[in-house]
Amino acid sequence: MATVAAEGSLGLDVDPAEVHLERPARREHGDWSTNIALVTAKKAGTNPRTLATALVEVLERHLPDHVVAVELAGPGFINFRLDDGWLHEALAAVLDEGEDGYARPDIGHGEKVQVEFISANPTGPIHVGNGWWGSYGDALARVLARTGYDVSREYYVNDTGGQIRTLGMSLLARRRGEEVPEGGYRGDYVTELAAEYDGTDDVTVAGRWAADRILERIKATLTSVGIVFDEWYSQASIEESGAVDETIALLASKGLVYERDGATWFRSEQLGDVRDRVLRKANGDATYLAGDLAYHRDKFLVRGFDRVIDVFGADHHGQVASLFAGVEALGVDRSRLEVKLGQMVSLVDGDEAVKMGKRAGTAIDLDTVIADIGPDATRILSLMSSLDQAATFDLAAVREQSAENPVFYVQMASARIGGVGRKAVERGVVRASLADVDLSLLTHPRELEVVRCLEELPEVVADAAADRAPTKVTTWVRHLASCFHGFYHDCPILADDVDPALAQARLWLVEASRLGLAIGLGLLGVHAPEAM
RNA sequence: GCCCCUGUAGCUCAGCGGAUAGAGCGUCGGCCUCCGGAGCCGAAAGCGCAGGUUCGAUUCCUGCCAGGGGCACCA
C-alpha cells in the first residue's frame with residue numbers, strides 16, 4: 001500500500017510482478033521491506049539508491065498506519081519499521097478468526113481437484129516409501145482443502161492382471177505346502193493367508209481373494225497414521241465396465257492407434273513420448289497403460305475433475321510421458337494433470353542398512369516402522385524433507401534419541417500449552433474475554449516473535465498449496481514451537497509477581513499459539529497432545 | 001546412450017532471486033528457590049566444480065563431476 005502511494009506520486013513505471021513487499025531476514029532491517037527501487041531504477045533512468053531516497057522522502061511526508069520509520073538500506077532497499085500495534089492487531093485477528101477461520105486463504109476458488117496417491121499394488125504390505133509419499137499426498141490434500149480447493153483423495157487399486165495371478169499362484173503353492181515358484185511373492189504373509197484360504201484352485205480367484213485381504217491390512221495401516229481416502233478405485237471395475245475398449249476406440253477414432261505384430265499400439269511418440277506404446281497385447285490383454293488411460297479419461301471426462309495430481313514413486317518415472325501423451329490424446333489439456341514423483345526413501349538402523357526389496361519379502365513394512373517409532377514421528381519425519389529429496393532416515397536415531405526427536409520438540413510445545421491451562425485451573429485463574437484484555441501489554445521481544453510467526457501462517461499455507469509443498473508447513477510448525485519455547489522460558493504467565501493484566505494478555509498469546517499449532521499440525525496429520 | 005531427481009555445517013535435512021545462508025543431532029561453554037530443563041542462551045563449522053543471465057545467484061540457464069531412480073506386448 002505504501003509503495004503504491006509512492007509510485008503514484010512519482011509516476012513510475014513499475015512491474016507489480018517484480019516488486020515485493022516482504023519481511024526481511026534480519027530484524028535490524030525493519031519489519032517490512034521492499035525492493036521497488038532496485039527493480040524500477042533502470043526504467044526510471046536513475047540508480048536504485050537515488051530513486052529509493054526520493055521514495056523515502058515521499059513516504060516520510062505521510063507515513064502509513066503503524067509505520068514509524070522508513071529507511072534506505074543496502075543497495076536500495078526501502079525498509080519499514082512499524083510500532084508494535086500492528087502485531088497486537090495481528091494477534092487479535094488470529095484469535096478472532098480462530099482455528100477454523102484463520103490461515104484459510106482462498107487460492108483454489110472451488111477448483112475440483114483429485115489427489116491420487118499411494119495406489120500400491122495389493123500384493124503385499126505397503127513399504128516405507130509408500131508411507132512417506134502417502135504422508136505427502138495426504139498432507140497436500142489437507143493443505144489444498146484449506147486453501148479453497150474441492151479435494152478428493154483416491155487410491156487406485158490394481159486388482160487385476162498378471163500380478164494378481166502371480167499372487168494367486170503363490171498362495172496356492174503355499175497352501176499345498178510347496179515353495180513359491182520363481183518370480184512369486186515369498187513373504188510370510190502369503191503363508192499366513194494360505195492357511196486361511198478355503199476357495200478353489202483357480203489362480204485368479206485365489207489372487208483376488210488374497211488381494212482383498214491384503215487391501216484390508218493396507219487400509220488399517222494407513223488409518224493408523226491418519227491417512228484416509230474418499231475413494232478406493234478398482235482397476236478391475238474399469239476393465240469390466242468396457243471403459244478400456246471405449247478408450248482405445250476413442251484414440252483409434254483420432255487416428256492414434258495402429259496394429260503391429262498382433263498388438264494394438266498407441267502413437268504416443270508424436271505426443272512427446274520417447275516411443276510408441278502397446279495398448280493391447282498380442283494375447284488380447286489390455287496393458288497397464290490402456291487401463292491407466294481409461295482411468296484418467298474417467299477422472300477428467302466422466303467425473304469432471306478440473307485438475308488431477310498423481311503422486312507416484314520415482315520408480316514409475318518411465319510411465320509419465322506416456323500418461324501425458326494419452327491425456328492429451330483424449331483431448332484434455334495436459335496442464336490439468338500434475339505428476340509428483342517421490343524419490344526413493346532409504347532407512348538405516350544405526351550402522352546397518354535396512355534392506356528394501358518387495359518380492360523377496362525383505363522390504364521394511366510401514367507397519368514395522370510405525371510400531372517402532374510411532375505414527376506421529378513417522379508422519380512428521382516423512383514431511384520434513386521435500387518429495388524430490390532421496391532421504392535417508394536413521395531409525396536408531398529416532399528411536400534411541402527419542403528425547404531429541406523433532407516430533408517431541410513440537411509436541412513438547414503443545415504439552416506446555418496444555419500445562420499452562422491445567423496450571424491456570426489449579427490456581428483458579430480464569431481467562432477473561434478477549435474484549436476485556438489489553439494485548440498491547442505484550443511488548444517482550446519473545447512475545448512479539450511468537451506473534452510475528454503466527455502472522456506468517458496464512459502466507460505459509462498459501463505457499464505450501466501453490467508449490468504443492470506441505471513440507472513448508474513442517475518448517476513453520478518447528479519455527480512456531482521454537483518461538484513458543486523461547487517465550488515460555490522468558491515470560492512467566494502464572495507466577496505470583498506477574499501483573500494480572502499482563503497474565504491475561506499472555507494467556508491469550510498461549511491460546512493463539514495453541515491454535516496455530518493445531519492448524520499446522522492438523523495440516524500435517526500429526527497430533528497436538530495436551531500432555532506427554 | 002537417453003530421461004527424471006539430488007549434491008548446503010562432521011551427520012540428517014530446511015531455504016530456492018535479494019542485504020551477515022537456518023534447524024536438529026554431534027562437539028565445546030553457560031542457565032534449574034521459576035507455569036513440564038523432552039527447554040533456553042552462546043561458540044566452532046557449510047552452498048560439488050566452471051561458465052552465463054541479472055543491479056544482485058545457494059536459488060534461474062548451460063557444461064562437467066558425483067550419487068539415486070527410470071528407459072517391457074510387468075504393473
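None of these values were measured; they are calculated from a predicted model. Each chain gets a letter, A, B and so on, in the order the sequences are listed, and its residues count up from 1. Scope of the values below: all heavy atoms of this structure, side chains included, with no hydrogens, waters or symmetry mates.
Comparing the P positions of B:rA19 and B:rC5 gives an interatomic distance of 26 Å, to the nearest angstrom. Distance check on atom C1': B:rG15 versus B:rU6 gives 15 Å, rounded to whole Å. When the P atom is used for both B:rC40 and B:rC64, the distance is 46 Å, rounded to whole Å. Nucleotides B:rG56 and B:rA21 have their C1' atoms positioned 15 Å apart, rounded to a whole Å. Nucleotides B:rU8 and B:rU27 are separated by 22 Å at their P atoms, to the nearest Å. Taking atom P in both B:rG10 and B:rC47, the straight-line distance is 9 Å, to the nearest Å.
Whole-Å rounding puts the A:His485 NE2 to B:rC41 P distance at 10 Å. For A:Asp315 and B:rC3, the CG to P distance is 20 Å, given to the nearest whole Å. Per the geometry, CD belonging to A:Gln389 stands 8 Å off P belonging to B:rU8, to the nearest Å. Between the P atom of B:rG24 and the NE2 atom of A:His479 lies a distance of 11 Å, rounded to the nearest Å. As a whole-Å value, the separation of A:Leu387 CG from B:rC5 P is 13 Å. Remark: P of B:rC3 and CD of A:Glu269 are 14 Å apart, rounded to the nearest angstrom. Rounding to whole angstrom units, OH of residue A:Tyr488 and P of B:rA38 are separated by 11 Å. Regarding A:Tyr295, its OH atom lies at a distance of 17 Å from the P atom of B:rA75, rounded to whole Å.
Other residues, nucleotides and ligands place more than 12 heavy atoms under 6.0 Å from the CD atom of A:Glu28. Atom CD of A:Glu530 has 12 or fewer heavy atoms from other residues, nucleotides or ligands within 6.0 Å. By the 6.0 Å contact criterion, NE2 on A:His444 is enclosed, its count of non-hydrogen atoms from other residues, nucleotides or ligands being greater than 12.
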- Query: Would A:Arg446 and A:Tyr488 count as a side chain to side chain contact (heavy atoms under 4.5 Å, CB included) if you check the C-alpha gap in whole Å, the side-chain angles of each, and the deciding distance to 0.1 Å?
  - Reply: CA-CA 8 Å; A:Arg446 297 287 213 172; A:Tyr488 183 90; over 6 Å; no
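A:Asp261 comes within 4.0 angstrom of a base, heavy atoms only. Residue contacts for A:Arg427: at a heavy-atom cut-off of 4.0 Å it reaches the sugar-phosphate backbone alone, with no base atom in range. In this structure, A:Asn35 reaches the bases: a heavy-atom distance under 4.0 Å links it to at least one base atom across the strands shown. Using a 4.0 Å heavy-atom distance criterion, A:Arg275 is classed as a sugar-phosphate-only contact. Nucleic acid contact class of A:Pro492 (heavy atoms, under 4.0 Å, all strands): base. Within 4.0 Å of A:Arg49, counting heavy atoms only, lies no atom of the nucleic acid at all. Using a 4.0 Å heavy-atom criterion, one finds that A:Glu18 contacts no nucleic acid atom at all. Within the 4.0 angstrom heavy-atom criterion, no nucleotide atom of any strand lies near A:Gln411. Using a 4.0 Å heavy-atom cutoff across all strands shown, A:Cys483 reaches no nucleic acid atom at all. Using a 4.0 Å heavy-atom distance criterion, A:Ala25 is classed as making no nucleic acid contact. A:Ala495 comes within contact range of no nucleotide atom at all, as no heavy-atom separation falls under 4.0 Å. No engagement by A:Val274 is indicated, since no non-hydrogen atom pair under 4.0 Å with the nucleic acid exists.
Taking side-chain N and O atoms only, A:Ser482 has no distance below 4.0 Å to OP1 or OP2 of B:rA23. Remark: A:Thr392 is in phosphate contact with B:rC13, judged by side-chain N or O atoms under 4.0 Å from OP1 or OP2. Side-chain N/O atoms of A:Arg165 include none lying less than 4.0 angstrom from OP1 or OP2 on B:rA75. One finds no side-chain N or O of A:Lys281 lying less than 4.0 angstrom from the OP1 or OP2 phosphate oxygen of B:rA72. Dashed line: the shortest gap from a side-chain N or O of A:Arg27 to OP1 or OP2 of B:rA19 is not under 4.0 Å.
With a 6.0 Å cutoff to the six-membered ring centre and a 45° limit on the axis angle, A:Arg277 does not count as a cation-pi contact of A:Trp265.
A 3.5 Å limit on both hydrogen-bonding distances identifies B:rG1 as the Watson-Crick or G-U partner of B:rC71. With a cut-off of 3.5 Å on both Watson-Crick or G-U wobble distances, the partner of B:rG63 is given as B:rC49. Nucleotide B:rU54: unpaired (no Watson-Crick or G-U wobble partner with both distances less than 3.5 Å). Of all nucleotides present, only B:rG10 satisfies the Watson-Crick or G-U wobble test against B:rC25, with each distance under 3.5 Å. Checking B:rG36 for Watson-Crick or G-U wobble geometry (two distances, each under 3.5 Å) identifies no partner in any strand.
Minimum atom distance to the side chain of A:Arg422 is reached by B:rG36, of the listed B:rU6, B:rG36, B:rC41. Considering only side-chain atoms of A:Leu38, the nucleotide from B:rA19, B:rU6, B:rC55 that sits closest is B:rC55. Looking at the side chain of A:Arg478, the nearest of the listed nucleotides B:rC35, B:rC3, B:rG24 is B:rG24.
Ring planes of A:Tyr295 and A:Tyr156: parallel class, angle under 30° (limits at 30 and 60°).
For a distance-only test at 3.5 Å, the side chain of A:Asn79 qualifies as a donor-acceptor partner of the base of B:rA19. Scanning atom types as modelled, one donor and one acceptor separated by under 3.5 angstrom connect the side chain of A:Ser33 and the base of B:rA19.
Taking the nucleotide of RNA chain B with the nearest heavy atom to each of A:Ala314 and A:Ala391, the more 5' of the two is matched to A:Ala391. Comparing A:Glu22 and A:Ala390 by the nucleotide of RNA chain B that holds the closest heavy atom to each, the one mapping nearer the 5' end is A:Ala390.
Side chain to side chain, A:Thr392 and A:Ser346 meet the donor-acceptor criterion of an N or O pair below 3.5 Å.
Stacking of A:His29 onto the six-membered ring of B:rA19 is present: less than 5.5 angstrom between centres, less than 30° between planes.
Without hydrogens or angle criteria, A:Asn79 side chain to A:Ser33 main chain gives no donor-acceptor distance under 3.5 Å.
A salt bridge links A:Arg23 with A:Glu459; the closest basic N to acidic carboxylate O contact falls under 4.0 Å.
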